[in-house]
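Below is one structure, written out as structure tokens; the observations come after it.
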Amino acid sequence: MTDTQQHYSSSVRGLHWLMAFLLFSQIFIGATMVARVDSYAILIVLHKALGLILLGLVCLRLGARLITTAPALPSSMPQWQRGAAHGLHGLLYLLMLAQPLCGWLMLSAAGQPLTFWGWVVPSLISADSGLYVLLRALHGLLAYLLFALVLLHVGAALVHGLIRRDGVLERMLKAAPSESK
Amino acid sequence: MQTSLTPRARAGRYLGIGALLGSTALALVWAAHGFNSSQASPQQITDQFERNAGFQPGFRRNHSKGLCVTGYFEAQGEASIYSTAALFQAGQTPVIGRFAIGGSNPQAADDSVPIRSLALQFNLANGEQWRTAMNSNAVFPVASPQSFYEQLQASQPDPKTGKPDPARLKDFFDSHPETAAFRAWLKGFTPSSSWANTHYYGLNAFVLVQEQGQRQAVRWSLVPEQPYEPLAAVQRDNPNTLSHDLEQRLQQGPLRWQLRLTLAQLEDPTHDATQAWPADRPQITAGLVVLEHSQPQATGPCRDINYDPLVLPKGIEGSDDPLLSARSAVYATALYRRLQENHSTTGALQHD
Ligand code: HEM
Ligand code: HEM
Ligand code: HEM
């Protein structure tokens, strides 16, 4: 990591904002569909498709993150805050991976077939109703935990961007000078 | 570089950030309440089933009394002109089914409920499934999920008599003229002696899709090959007459139904399960459903199946009937509840 690097790579930034938008949509779709009889059928189809897309995207994103370098957080930040930021980012990655996997496992455990644009998605495990019950509960729990952590994360990003104005928000917003134009 | 913020501006920005986060969280709470829709939620509908028959842990919330069956579907290939669904190509597909009587009481006497049902899950070789749950009534009483909920509410037993309040039921039917065809069916019908000689109707419309994308709206039904006989008076003495009869018949050999597809014309309603289509609509026989063995529902392979009518293979799609989405939503809620009960310490797996 060089001192001059102050921005995330364009692939990490692109995937961050794309996934932020899709993930917010996904949580709202999930919460709405289980509460409404009229839109359930349409929303669950969308939810499964979008969930699998998000699973693909997070894999790409982790790949992009590993092969590019991330900028170091400003040294003006206290050590504990840097640690907290890294811990939170790690948790967010973990949940972004675990949540769609949990959805897929849950359907496998329920013995429910899963298709993605007509393609039959294989079951990850064999049907087991006890496991289904656990995974169904976990899927709800993790979704709302993820949502709470995202709010915390957005709050912190906005404090950096609007109050401290220490350039942290810009690292995810803007291209590095060498990249632009 | 930037000038530093005045304390006022700082406080204002903190407030702004807090307001943004708070309203996002509130928006999710609002979404989780279905955006305050005036229609009943899947949870409320499931609760109403529980109120109508008392809480019956581990059992299905409706059509609670029944048994599992297994067999196969033998396609004749005729329906493959209308649908790409792999199971319509000539050949065999294994089936896991469930016979039941309507209502949420797993202890009800078999002759106490006019509605019977057969639910089937076809396990296609390519990993797809087709699930369908069919009733013995030729039309459904109501067209919308909300009316269904109101019907359930009107049927809730009065704690004083243990029976639905006739005045409430009458109010419901008077204010729901779409129930007329169902009531006429109920009046004219004499129960048959067996699940085996009952005709089952899919009731909701679906759409068959061809290779080139042409679409044909259909309804399906299962026509029994076993001849009709009325329910005998002696059968009424045995509260489990239907399962005893079925087990006996299966010992003698498999039971058969023709899977009939009725093809809609453009003017036929697909969104309204209270309206039968004209009797002259063309029908095709897609194949034979052959049932060979039965198992108690507490231990049989149908126990954990959610006969969600929207689990469909490629080549069959749901129609614009609003009951379909509602069934899908409520069945998922009901399944989750009963499986939770089965796997909790109060486990109700001992029932049959
Ligand atoms: C990041 C991805 C995902 C998020 C954030 C998410 C979020 C949610 C939420 C918030 C709910 C409602 C939970 C409740 O209130 O109880 C839900 C339910 C559900 N999700 Fe997901 N989900 C994701 C991925 C998936 C995937 C990949 C699948 C399957 C392929 C899936 C299948 C389901 C199912 C089947 C339900 C329950 C429907 C029901 O019981 O009626 N989800 N999800
Ligand atoms: C679903 C929503 C979101 C998720 C799951 C998410 C997740 C993440 C993750 C995992 C990182 C770490 C990147 C890395 O080091 O590889 C990150 C960084 C970042 N995110 Fe988000 N994010 C979301 C929404 C937002 C929003 C709405 C904002 C802005 C208001 C934001 C601002 C930032 C910033 C500024 C960084 C860079 C932090 C740094 O420099 O270390 N994020 N995000
Ligand atoms: C909005 C309308 C409806 C609601 C809310 C509803 C609700 C339910 C519920 C909660 C169950 C129990 C599911 C389980 O615990 O696994 C059930 C079972 C069943 N329903 Fe419905 N239902 C509706 C309409 C229909 C219609 C139109 C039909 C007929 C075509 C039908 C046929 C059946 C059958 C056959 C079963 C038993 C399936 C089995 O054996 O597992 N239902 N229904």
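Below, chains carry the letters A, B, ... as their sequence lines are ordered, and counting in each starts from 1. Only a predicted model underlies this, so the values are computations on that prediction, with no experimental measurement involved.
- Residue A/Ser123: no heavy atom, backbone or side chain, is found under 4.5 Å from chain B.
- Heavy atoms only, all atoms of each residue included: B/Leu21 and A/Gly155 are closest at CD1-CA, 3.7 Å.
- When heavy atoms are compared at a cutoff of 4.5 Å, B/Leu310 approaches chain A solely by way of its side chain, counted from C-beta outward.
- Rounded to the nearest 0.5 Å, atoms OG1 (A/Thr32) and CH2 (B/Trp30) are 10.0 Å apart.
- Using a 4.5 Å cut-off between heavy atoms, B/Arg327 makes no contact with chain A at all.
- Side chains of B/Val311 and A/Pro113 form a contact here, defined as non-hydrogen atoms less than 4.5 Å apart.
- B/Ser325 and A/Val37 get closest at one heavy-atom pair: OG-O, 2.7 Å.
- Put simply, the side chain of A/Tyr40 does not reach to within 4.5 Å of the side chain of B/Val330, judged on heavy atoms.
- Atoms OG and OH, on A/Ser129 and B/Tyr336 in that order, are 13.0 Å from each other to the nearest 0.5 Å.
- Residue contact with chain A, scored on non-hydrogen atoms closer than 4.5 Å, involves the backbone and the side chain of B/Pro42 alike.
- In this structure, chain A has heavy atoms under 4.5 Å from both the backbone and the side chain of B/Gln129.
- In this structure, the portions of A/Val159 lying under 4.5 Å from any heavy atom of chain B include both its backbone and its side chain.
- Note on B/Ala326, B/Gly127, B/Ser144: by heavy-atom pairs under 4.5 Å with chain A, the leading option is B/Ala326.
- Inter-residue side-chain proximity for A/Arg36 and B/Ser37 is flagged as met; some heavy-atom pair is nearer than 4.5 Å.
- At most 12 non-hydrogen atoms from other residues, nucleotides or ligands lie less than 6.0 angstrom from CZ of B/Arg10.
- The structure places CE of A/Met33 at 10.5 Å from OG of B/Ser328, a figure rounded to the nearest 0.5 Å.
- Of all heavy-atom pairs between B/Gln43 and A/Ala35, the closest is OE1-CA, 4.4 Å.
- Taking CD of B/Gln146 as the reference point, atom CG of A/Asp38 lies at 10.0 Å (rounded to 0.5 Å).
- When all heavy atoms are compared, the tightest approach of B/Arg13 to A/Leu162 is NH1-O, 2.7 Å.
- Residue B/Ala40 touches chain A through its backbone alone, counting heavy-atom pairs closer than 4.5 Å.
- Looking at B/Leu324, neither its backbone nor its side chain comes within 4.5 Å of chain A, counting heavy atoms on both sides.
- Counted within 6.0 Å of CD1 on A/Ile125, heavy atoms from surrounding residues, nucleotides or ligands total more than 12; the atom is thus considered enclosed.
- Here A/Ala41 is the residue among A/Ala148, A/Ala41, A/Gly30 with the most heavy-atom pairs under 4.5 Å with chain B.
- No more than 12 heavy atoms of other residues, nucleotides or ligands shown are found within 6.0 angstrom of NE2 on B/His33.
- Of the atoms belonging to B/Leu20, it is side-chain heavy atoms, and not backbone ones, that fall under 4.5 Å from chain A.
- By the 6.0 Å contact criterion, CD on B/Gln214 is enclosed, its count of non-hydrogen atoms from other residues, nucleotides or ligands being greater than 12.
- The CZ atom of A/Arg136 lies 12.0 Å from the CG atom of B/Leu339; values are rounded to the nearest 0.5 Å.
- Ranked by heavy-atom pairs under 4.5 Å with chain A, the list B/Pro322, B/Ala27, B/Ala9 is led by B/Ala27.
- For the set A/Ile163, A/Leu151, A/Leu43, the count of heavy-atom pairs under 4.5 angstrom toward chain B peaks at A/Ile163.
- Contacts between A/Ile44 and chain B at a heavy-atom distance below 4.5 Å are absent for every atom of the residue.
- Minimum interatomic distance between A/Tyr132 and B/Ala332 (heavy atoms only, all atoms of both residues): OH-O, 4.4 Å.
- Side-chain contact check for B/Thr24 versus A/Phe24: some heavy-atom pair is nearer than 4.5 Å.
- In this structure, A/Thr115 and B/Lys314 have side chains that are not in contact, with every pair of non-hydrogen atoms separated by 4.5 Å or more.
- In this structure, A/Phe147 and B/Ala25 approach most closely via the heavy-atom pair CE2-CA, 3.9 Å.
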